[in-house]
Amino acid sequence: MPFCIKMSFDKNKNNYFHLNHLCRKLFLCDINKVRGTTNGHCRLKSMNFEIPENSISHETQGLSRSRLVVRRGKPFKVTLKSDSWLWNPSTERLVLEVCLGGLSQRIPVLFYEEQSHPQLCDWTATIYPGNMHPQSVIIHICSPVQSSVALYELLAHIETRRNRKTYVLGTFVLLCNPWLKDDPVYMPLDAHKEEYIKSDYGLVYMGSSSNVSKRPWSFGQYEPGVLEACLKLLEFSPQHLADKNKDYTLRADPVYLSRVVCAMINCNDDLGILEGKWQGSYKNGVKPTDWSGSADILLRWASSKCRPVRYGQCWVFASVLCTVMRVLGIPSRVVTVFNAAHDGNGNMIIEEFYTRTGEKFGMSKDSIWNFHVWVECWMRRPDLGAGCDGWQVVDPTPQEKSEGIFCCGPCPVAAIQHHWLDARYDIPFVCASVDADVVRLIVHNGLVVGKTVDTECVGKLIYTKSIGSDKAENLTLTYKPDKRGKTSVCARTLQHQGIMSPNLNVTLKIVGVPKLGQPINICVTITNQSNNPRVLVGHINAQAKEYDSSPSEAFWDAQTEVQIQPFSVTTLNHTISHCKYQSFLAGDDIVNLAVVLKDMMTKETFLAAEEFSISPPQITIQIEGGNSIQVKKECTVLVSFTNCLSTALYEAVLTVQGAGLLEGKQVAKIILLQPGEKIEKKVSITATSPGTKLLMATLSHSNKPNIISRWYHTVSVTA
């Protein structure tokens with residue numbers, strides 16, 4: 001958006017300092033009482049931003065109750081009211097002025113027949129036939145399509161050749177416009193805009209690629225104060241604090257906006273929103289798994305003088321970023337990558353180390369998270385060319401610095417798929433996240449005695465929520481290049497020299513979906529493709545782990561010995577009973593399972609590994625009258641849990657909470673919950689605002705400190 005430095009007639013130079021002071025202090029209502037800046041009769045009595053009509057026209061309903069919010073490149077109307085004719089067009093000019101910090105743009109108000117063909121970079125103010133009346137005038141204001149996203153101040157000047165009378169009209173918010181074809185964030189299909197801009201509800205996929213779980217998330221862009229928090233985020237960015245006018249100018253570009261917002265979601269090198277924490281105690285904050293929506297986080301940050309909110313992990317960072325981008329008008333969605341790699345040295349190879357008994361240990365600087373969550377934002381990339389338009393990865397979780405700051409992207413998904421490593425931003429890092437090779441090394445006495453290479457594990461599954469549905473949309477093929485074969489073999493075995501063995505193949509599979517309280521069934525399949533029999537001995541090992549870290553000590557192992565004939569297939573079946581893992585695992589916990597086999601004749605060593613998650617037992621949430629409720633109308637909810645485990649639970653605690661529905665936490669306790677017995681809690685909920693809300697229920701007990709089950713229920717709230 002073109003701007004010029006504020007200028008005025010000599011006799012009114014001091015008025016601009018007074019104007020800026022007034023603009024900053026003005027409280028905007030639907031009907032604005034207009035303030036003049038010179039003495040004498042005030043012709044302009046009031047103005048109306050026509051908020052209801054403009055909000056509908058600009059698809060911004062609900063973003064603010066008292067402030068005009070419009071989208072760039074599309075006209076919006078304001079009504080100026082006076083006691084008599086506001087100005088005499090034959091001797092006076094009516095000029096509007098939009099202001100951003102030290103930048104401003106004058107907009108002559110013209111009658112429709114006077115308008116020529118304005119350029120896309122011009123602001124216009126037009127009076128259409130029939131809109132000029134003795135005591136009011138309706139003006140249609142249109143910003144350039146590449147205007148900056150910001151809170152603008154609007155002034156009106158009535159000018160003659162000798163003097164000028166200036167009025168402070170108020171403020172309005174200008175956002176990106178995915179409904180407008182010329183906007184870089186234009187999205188053609190209405191169903192896509194409904195899902196990726198207007199929807200305040202989403203799903204975050206978690207768990208493991210073999211046992212995907214999902215949790216709802218309330219983006220909360222219509223909650224009171226969220227829009228203001230998003231604008232405050234921009235005002236407290238390092239770029240804005242360093243040079244306000246430069247920042248205002250660059251905010252027209254969604255690429256620039258996404259990098260600024262991405263860095264501000266974490267607090268590693270700025271006044272950002274969230275502090276990350278992945279281990280240890282969370283007593284001085286909120287455990288990341290306890291968050292269920294963005295609004296609470298944004299409002300806490302905005303009301304705490306920009307102190308970071310504690311704590312976040314990848315899905316929390318990503319979901320808050322998605323909220324801010326949707327508020328600013330940039331289509332966005334939350335994406336989960338299963339088996340996401342963190343390549344420490346940039347060689348597209350992730351090394352993992354195992355003992356001869358199959359126990360995995362943390363020697364590598366590389367790592368693989370069972371899942372990692374980032375955001376895709378939709379925009380054109382004129383800096384890279386049309387081939388890079390569309391979805392862009394933007395990752396706010398602070399892992400590596402990008403051009404000196406903790407952010408990642410925007411990184412075109414098309415560039416990731418084709419490995420265009422020179423494209424901006426952060427292509428090599430993101431490519432490794434979804435397509436690195438995994439080298440698993442078997443180590444004994446400091447020496448590598450066996451090796452496997454897995455070319456399919458990383459980025460095995462990439463999910464996002466489907467449009468208009470709670471089903472998952474599989475994005476894997478949009479990220480992964482076509483160079484890989486379509487083999488279903490997970491572990492590729494090599495001889496200890498590093499050469500692939502064509503004669504023996506070992507795979508590891510979990511039978512069914514593992515559920516807490518039930519046995520875990522394991523199947524090892526060995527295929528001997530040589531003309532020689534083999535005698536194999538080995539170990540199978542199970543370790544608990546966090547989704548983002550190396551496993552802890554093994555909680556179960558088994559030894560095995562098998563003789564396999566030439567050109568034959570043998571399966572080994574093992575079972576881990578509930579009593580063997582109940583002290584180590586809870587619902588949604590993750591297990592690293594590995595089998596190591598050694599050929600007693602050739603001394604070759606083979607390894608297969610698999611990680612999987614445990615499904616939690618169900619908590620039932622029932623809302624009296626159905627899942628749709630009205631604002632400020634009390635409803636009853638019954639929450640219950642039946643102990644489906646084979647053992648009693650001591651000091652069982654059922655907890656219910658829901659932002660915008662409940663004040664604090666509601667708790668039910670029972671000293672001893674026997675198998676088959678039920679614990680329940682009846683609560684009353686009252687929604688404070690419309691939109692999508694979430695109820696969350698958890699079950700814990702003294703047998704194990706972790707929560708064994710966490711369940712969610714979506715509530716639709718209407719006005």
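Just so we're clear, the structure is a prediction, and the values are computed from it rather than from any experiment.
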Check: Gln313/Tyr547 side-chain N/O donor and acceptor closer than 3.5 Å: yes
Minimum heavy-atom distance between Cys176 and Arg71, given as atom pair plus value: O-NH1, 3.0 Å
Plane angle bin for Trp278 and Trp369 - parallel if under 30°, tilted between 30 and 60°, otherwise perpendicular: tilted
Ile368 side, atom CD1; Asp343 side, atom CG - distance, nearest 0.5 Å: 10.0 Å
Nearest-0.5 Å distance that lies between atom CZ in Arg251 and atom OG in Ser237: 6.5 Å
Between Trp217 and Ser294, a side-chain donor and acceptor under 3.5 Å: yes
Reported CZ-to-CD1 distance for the pair Arg440 and Ile442, which is rounded to 0.5 angstrom: 10.5 Å
Pairs satisfying side-chain hydrogen bond (donor to acceptor under 3.5 Å, both in side chains), at least one member in residues 509-518, at least two apart: none
Salt-bridge criterion met for Lys198 and Asp190 (N-O under 4.0 Å): no
CG on Asn177 to NZ on Lys193, rounded to 0.5 Å: 9.0 Å
With His372, the side-chain hydrogen bond (donor to acceptor under 3.5 Å, both in side chains) member among Thr336, Asp548, Asp395: Asp395
Distance (rounded to the nearest 0.5 Å) between Gln392 CD and Cys411 SG: 7.5 Å
Asp383 and Tyr425: side chain donor to acceptor below 3.5 Å: no
Lys360 and Glu611 ion-paired at < 4.0 Å: yes
Carboxylate-amine/guanidinium contact Arg333 Glu195, below 4.0 Å: no
Straight-line distance of Leu274 CG to Asn268 CG, nearest 0.5 Å: 10.5 Å
Residue pair Asn370 / Ser208, side-chain donor-acceptor N/O under 3.5 Å: no
